[in-house]
Amino acid sequence: MNHSFLSSTLRELQLFTRSWRFWTTFTLVILIFVATGPYGTLERMTLGVRLGYWLIVHAVTWTIAICLSIMAEILLRNRINHTLARMMIGSLVAALPIGFALGAIDFAFFGHWTEMETGFHRALFALPLCAVFCLLTYTAMHRQIAEISTPAPPASPSPAAAQAAWPVSEPEILARLKPQNRGAILRLSVEDHYTDVVTTRGHELVLLRFADALKELGATPGLQVHRSHWVADAHVETLKRDSGKLVLMMKDGTEIPVSRTYMDAVRSRFD
């Protein structure tokens, strides 16, 4: 298990733990189970015990399913193109350890230890639940998962142009990128808890506050034009007005909005 695999796994785990969509989905599912009391828990347990039981069940099973889904998502990237398919394989594999984990939880609450055969039966029963879990998670977070797992295809500037655009002192933030994405920085943008770093060779989401990302640019010539955007001087094509608002047109056709706070500085540099 190499360092790259561990880093990717931890990065995607952080994506889940920091996502309000994930925690909202998790909480709603637990509340539904507590309120409806499936599998006889409504009759056998008081409200407090039922809450504790389903909280433990979902915490354990979701942890197992998430870890195996992320591992499958990373390990199968070169074999299976679709993110949902990779995650689904990991979720279905998770049914086996989940089946035995449920047996251990039931033993803690009811005093009955599950036999090996019962554990396999539980795993078989958990298969459709794991599939539903995967679909719920993917529906809530597919955009973030796709962004962090799929690098953009690299651009192909001429070697002379790339060398001319490359700053003399390499910015610190480039060390956070995958080697294939390291190039002259074109722009930075905020994406939830991440900073999207766009270079001449592609783009990548970095788990870093935007203010800290700006500090790691070093001497790269550029300007913050919005609370969520920074652009490199060399990548700006023109400044235009669109519906009364200032917009920077970049050389790749991307339009970057200019906020009122930075209008004077933008006009002074690019007008």
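Numbers here are sequence positions counted from 1.
- Side-chain contact between Thr46 and Val49: present, with at least one pair of heavy atoms (C-beta onward) separated by less than 4.5 Å.
- Listed here is the closest heavy atom pair of Asn181 and Gly202: OD1-CA, 4.2 Å.
- Using a 4.5 Å cut-off on side-chain heavy atoms (C-beta onward), Leu205 and Thr195 make no contact.
- Two residues are said to be in side-chain contact when any heavy atoms from C-beta on lie closer than 4.5 Å; Ile105 and Val60 meet this criterion.
- In this structure, CG in Asp212 is found 11.0 Å from CG in Leu207, a value given to the nearest 0.5 Å.
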CA sep, side-chain torsions, deciding dist, call: Met88, Leu135, side chain to side chain contact (heavy atoms under 4.5 Å, CB included): CA-CA 8 Å; Met88 185 64 73; Leu135 289 173; 4.1 Å; yes
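- Taken to the nearest 0.5 Å, the OG1 atom of Thr63 stands 12.0 Å off from the NE2 atom of His58.
- Among residues two or more places apart in sequence or in another chain, the ring-ring contact (aromatic ring centres under 6.0 Å, His included) test is passed with Phe210 by none.
- Between the side chain of Lys245 and the backbone N or O of Ser259, no donor-acceptor pair lies under 3.5 Å.
- Nearest heavy-atom pair, Pro171 versus Thr220, reported as atom, atom and distance to 0.1 Å: CG-OG1, 3.2 Å.
- Atom SG of Cys130 is separated from atom CD1 of Ile64 by 9.0 Å, given to the nearest 0.5 angstrom.
- Rounded to the nearest 0.5 angstrom, Thr200 OG1 and Ile185 CD1 are separated by 9.5 Å.
- Residues Val34 and Leu47 form a side-chain contact, since some pair of their non-hydrogen atoms from C-beta on lies under 4.5 Å apart.
- Here Arg267 pairs with Leu239, Arg241, Leu246, Met263, Asp264, Asp271 under the side chain to side chain contact (heavy atoms under 4.5 Å, CB included) rule; sequence neighbours left out.
- Side chains of Arg187 and Thr254: a donor-acceptor N/O pair is present below 3.5 angstrom, by distance only.
- Considering every non-hydrogen atom in both Glu237 and Lys251, the closest pair reads OE1-CG, 3.3 Å.
- Side chain of Arg50 to backbone of Met45: a donor-acceptor contact under 3.5 angstrom is found.
- Judged by distance alone, with hydrogens and angles left aside, the side-chain atoms of Arg86 form no donor-acceptor pair with the main-chain N or O of Ala72 at under 3.5 Å.
- For the residue pair Thr36 and Ile32, the shortest heavy atom distance occurs at OG1-O, 2.7 Å.
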Verdict with supporting geometry, Val190 and Asp196, side chain to side chain contact (heavy atoms under 4.5 Å, CB included): CA-CA 6 Å; Val190 174; Asp196 188 19; over 6 Å; no
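- Note: the hydrophobic cluster containing Val29 also contains Leu102 (ILVMFWY, side chain heavy atoms under 4.5 Å, direct or indirect links).
- A heavy-atom distance below 4.5 Å is not found between the side chains of Ile256 and Val247.
- Counting heavy atoms from C-beta on, the side chains of Trp230 and Val225 never come closer than 4.5 Å.
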Trace of the side chain to side chain contact (heavy atoms under 4.5 Å, CB included) decision for Val258 with Leu248: CA-CA 7 Å; Val258 178; Leu248 281 172; 4.0 Å; yes
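- Under the 3.5 Å distance criterion, the side-chain polar atoms of Glu204 are matched with a main-chain donor or acceptor of Lys178.
- Using a cutoff of 4.0 Å between basic side-chain nitrogens and carboxylate oxygens, Lys240 and Glu255 are scored as salt-bridged.
- No path of Ile, Leu, Val, Met, Phe, Trp and Tyr side chains, each step under 4.5 Å between heavy atoms, connects Leu223 with Val198, placing them in separate hydrophobic clusters.
- No side-chain heavy atom of Val197 sits less than 4.5 Å from a side-chain heavy atom of Leu208.
- Arg269 places a side-chain N or O within 3.5 Å of a backbone atom of Gly222 that can act as its donor or acceptor partner.
- One distance of note links CZ of Arg182 with CD1 of Ile173; it measures 12.0 Å at 0.5 Å rounding.
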Arg176/Glu216 under salt bridge (Lys or Arg N to Asp or Glu O under 4.0 Å): CA gap, chis, key distance, verdict: CA-CA 10 Å; Arg176 298 178 180 270; Glu216 294 192 5; 2.8 Å; yes
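- Note on residues 232-271: no pairs pass ring pair (Phe, Tyr, Trp, His ring centres under 6.0 Å), not counting sequence neighbours.
- Remark: the Ser228 side chain and the Ser189 side chain contain no N/O donor-acceptor pair separated by less than 3.5 Å.
- The only member of Trp54, Phe26, Trp23 that meets ring-ring contact (aromatic ring centres under 6.0 Å, His included) when paired with Trp62 is Phe26.
- No side-chain heavy atom of Val231 sits less than 4.5 Å from a side-chain heavy atom of Leu186.
- Side-chain N/O atoms of Tyr53 and Asp106 include a donor and acceptor closer than 3.5 Å.
- Note: Ile98 CD1 to Leu127 CG = 9.5 Å, rounded to the nearest 0.5 Å.
- In this structure, Thr199 contributes its side chain and Ala184 its backbone to no donor-acceptor pair below 3.5 Å.
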